[in-house]
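Here the structure is laid out as structure tokens; the discussion comes afterwards.
As the structure is a prediction and not an experimental result, all values here were calculated from the model.
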Amino acid sequence: MNSTELQPSHLAPIEGPYAWTGSRLLADPTWRWALSDAEIQTLRRAAAHVAENGGPVAGFPAEDFPAQGMEAMLSWLSSTLEGGHGIARISGLPMQDMTPDEAQRIFWGISVHLGTPVYQTWQGEIVRRVEDLTGGQKFEYQKPGEGGATPMRSARTISASSTALRFHTDKTDLLALMCVTNGIAGGESKVVSSVAVHNEIGRRRPDLLAVLHEPYWRMRPLDEEGERADKVFPLPVFSIGPKGDFTSQYSRTYVNQAQEVEGVPKMTDIQNEALDLLHEVAEEICIQMPFAVGEMQFINQHVTYHGRTSFSDEPGTSNKRLLFRIWLTTPQSRELPPGHAVQWGSAQSGALRGGALPGRSPLINPI
């Protein structure tokens, strides 16, 4: 069974700090943290300590990055992500005075004090460079069958262009991003509370909300997880765990890709209608904001979706959009419905789970 049995209570509105709308979040400063001068010096000293001891720019354990002086920020970050809004931004790093290596050590150092990094590809990627590798090419999202004999474009292929990204989740408890450089236009971050999306769909179309609590077949991304015998599997878009915790895992790209696999049940009109409404609501109530160079954004993948607007780089210059991305699992993570282990490797609270290689981490079993 892929989820706990649907109860009428699962379709009721969900209250709490996770259920925000973009306009409310913009008026609430509690999800943002501006680094003090003392905190910046603490972070730079910790990064220098790693470098002086021959440490890499990423892949080192938390004990190699001294945390004294970061306790208040780390406590706020953890509680905001699991128990608060599920989104947090940290600003204030003086990137103009730093090398990319120093910035990456700081980003990794904060992240490993927050949780345990997991692999983003089966080949062992631990920090993803999110940038345009196509020279400005814009892609269109495909529907099942539009690729013809060519496999449908993967989400990773689209993210490595300057194309706008529609709302989705990554296969990790926490997603961490750092803006290293910016392009000349666009590339704004879009985040929406999936809890608020759930509530609004229930208000408008409770019949479609019930459909989204039923399984949708998904495809495992070949360019992240490699060839697997169980490359397709069913999982609801919205679920409630054994202890009443909400979770949503969603990527329409992987739902559409599964439709091209022989033997997978064809999507019904009402299933497509439900996904269309999810996208419509998410666009209406999201928060959209630019990244300042040096800003870090952390989002809980169980209670948010994220995307971006399209962007433009300036060829031949440093005006290029580049983000670092880390996937994290945390000791504070929520318990998921038992059937979610098919996606996560484990549904247990606090487990080492998610990522392209569930149950594996570069800090515990490096590739």
Side-chain angles (χ1 to χ4, degrees), residues 17-18 20 25 28-51 53 55-95 98 101-118 126-127 170 172-180 189 191 291-292 294-304 306 323-334 349-355 361-364:
Y18 295 125
W20 50 266
L25 195 66
D28 182 350
T30 61
W31 61 283
R32 308 196 69 149
W33 185 283
L35 293 167
S36 67
D37 289 342
E39 288 168 335
I40 292 170
Q41 292 308 310
T42 294
L43 291 169
R44 299 194 72 174
R45 281 194 299 269
H49 175 80
V50 175
N53 285 278
V57 295
F60 54 83
E63 54 265 28
D64 288 359
F65 194 85
Q68 294 80 6
M70 295 192 297
E71 294 87 353
M73 183 263 288
L74 290 171
S75 176
W76 163 84
L77 185 56
S78 179
S79 61
T80 299
L81 292 171
E82 188 62 59
H85 294 307
I87 175 173
R89 270 214 184 188
I90 299 173
S91 62
L93 277 181
M95 294 290 282
M98 301 169 63
D101 283 357
E102 183 183 9
Q104 188 168 348
R105 286 189 178 99
I106 288 174
F107 181 45
W108 180 272
I110 291 173
S111 296
V112 291
H113 278 286
L114 178 64
T116 302
V118 294
I126 58 174
V127 178
D170 290 358
T172 185
D173 290 312
L174 299 179
L175 168 63
L177 295 168
M178 171 187 249
C179 180
V180 184
S189 172
V191 183
F291 269 120
E295 277 193 319
M296 290 168 275
Q297 179 170 280
F298 300 82
I299 44 181
N300 184 325
Q301 293 297 274
H302 298 288
V303 295
T304 63
H306 63 282
L323 305 182
F324 292 149
R325 185 181 78 186
I326 298 173
W327 285 356
L328 296 166
T329 188
T330 71
Q332 295 81 29
S333 64
R334 61 196 54 207
S349 172
L352 178 60
R353 64 191 190 187
S361 163
L363 298 183
I364 299 169

Inter-residue atom distance Gln104.CD - Met98.CE, 0.5 Å rounding: 11.0 Å

Do Gln41 side-chain atoms and Ala38 backbone N/O form a donor-acceptor pair below 3.5 Å? no

OG1 of Thr42 to CD1 of Ile106, rounded to nearest 0.5 Å, is 10.5 Å

Closer than 3.5 angstrom, by distance alone: can the side chain of Ser79 be matched with the main-chain N or O of Trp76 as a donor-acceptor pair? yes

Check whether any side-chain N or O of Trp327 sits under 3.5 Å from a backbone N or O of Asp170 as a donor-acceptor pair, and report yes or no. no

Asp28/His85 under side chain to side chain donor-acceptor pair (under 3.5 Å): CA gap, chis, key distance, verdict: CA-CA 10 Å; Asp28 182 350; His85 294 307; 2.8 Å; yes

Mind checking the CG-SG spacing from Leu323 to Cys179? Nearest 0.5 Å is all I need. 5.5 Å

Calculate, to the nearest 0.5 Å, the distance between atoms CG and CD1 belonging to Leu77 and Ile110 respectively. 8.0 Å

Please identify each residue that fulfils side chain to side chain donor-acceptor pair (under 3.5 Å) with Thr304, with sequence neighbours left out. none

Could you go through Glu39 and Met73, starting from their C-alpha distance and side-chain angles, then the distance that decides it, and tell me whether this counts as side chain to side chain contact (heavy atoms under 4.5 Å, CB included)? CA-CA 9 Å; Glu39 288 168 335; Met73 183 263 288; 4.1 Å; yes

When you measure from the side chain of Glu63 to the backbone of Pro61, do you find a donor-acceptor pair of N or O atoms at a distance under 3.5 Å? no

Quick one: does Arg334's side chain get under 4.5 Å of Ser349's, heavy atoms only? no

I'd like to know if the side chain of Tyr18 and the backbone of Gly83 have a donor-acceptor N/O pair within less than 3.5 Å. yes

CG of Leu43 to CZ of Arg105: how many Å apart, nearest 0.5 Å? 14.0 Å

Is there side-chain contact between Ile126 and Pro117, with heavy atoms separated by less than 4.5 Å? no

Atom of Trp108, atom of Pro362 and distance for their closest heavy-atom approach: CH2-CG, 4.4 Å

Under a 4.5 Å cut-off applied to non-hydrogen side-chain atoms, are Arg89 and Met296 in contact? no

Shortest non-hydrogen pair, Gly350 vs Ser333, comes out as N-OG, 2.8 Å

Just wondering, are more than 12 heavy atoms of other shown residues or ligands nearer than 6.0 Å to CG in Asn53? yes

Between Asp173 and Gln301, a side-chain donor and acceptor under 3.5 Å: no

Does the distance from a Lys or Arg side-chain N to an Asp or Glu carboxylate O, for Arg32 and Glu295, drop under 4.0 Å? yes

Heavy-atom check, side chain of Val118 versus side chain of Thr172, under 4.5 Å: yes

Please find the pair of heavy atoms, one from Ala351 and one from Thr329, that lie closest to each other, and give the distance. O-OG1, 3.0 Å

State whether a side-chain donor-acceptor pair under 3.5 Å links Ser189 with Gln297. yes

Do the rings of Phe107 and Phe324 sit parallel, tilted or perpendicular, given the 30° and 60° boundaries? parallel

Please step through side chain to side chain contact (heavy atoms under 4.5 Å, CB included) for the pair Phe291 and Val180, ending with a clear verdict. CA-CA 9 Å; Phe291 269 120; Val180 184; over 6 Å; no

Indicate yes or no: at least one non-hydrogen side-chain atom of Leu352 is less than 4.5 angstrom from one of Ile364. yes

Under the rule for salt bridge (charged side-chain N to carboxylate O under 4.0 Å, His left out), what residues qualify as partners of Arg45, not counting sequence neighbours? none

Please name the pair of heavy atoms, one in Val303 and one in Gly86, separated by the smallest distance, quoted to 0.1 Å. CG2-CA, 4.1 Å

Which atoms form the tightest heavy-atom contact between Val50 and Pro56, and what is the distance? CG1-O, 3.7 Å

Measuring from Thr80:OG1 to Phe298:CZ, what's the distance to the nearest 0.5 Å? 11.5 Å

Check against side chain to side chain contact (heavy atoms under 4.5 Å, CB included), Ile90 and Leu35: CA-CA 7 Å; Ile90 299 173; Leu35 293 167; 3.7 Å; yes

Minimal non-hydrogen separation, His49 against Pro66, with atom names: CD2-CD, 3.8 Å

Only one of Leu328, Ile87, Leu114 clears side-chain contact (heavy atoms from CB on, under 4.5 Å) with Leu81; which? Leu114

Say whether, by atom type as modelled, one donor and one acceptor occur between the side chain of Trp33 and the main chain of Ala88 under 3.5 angstrom. no

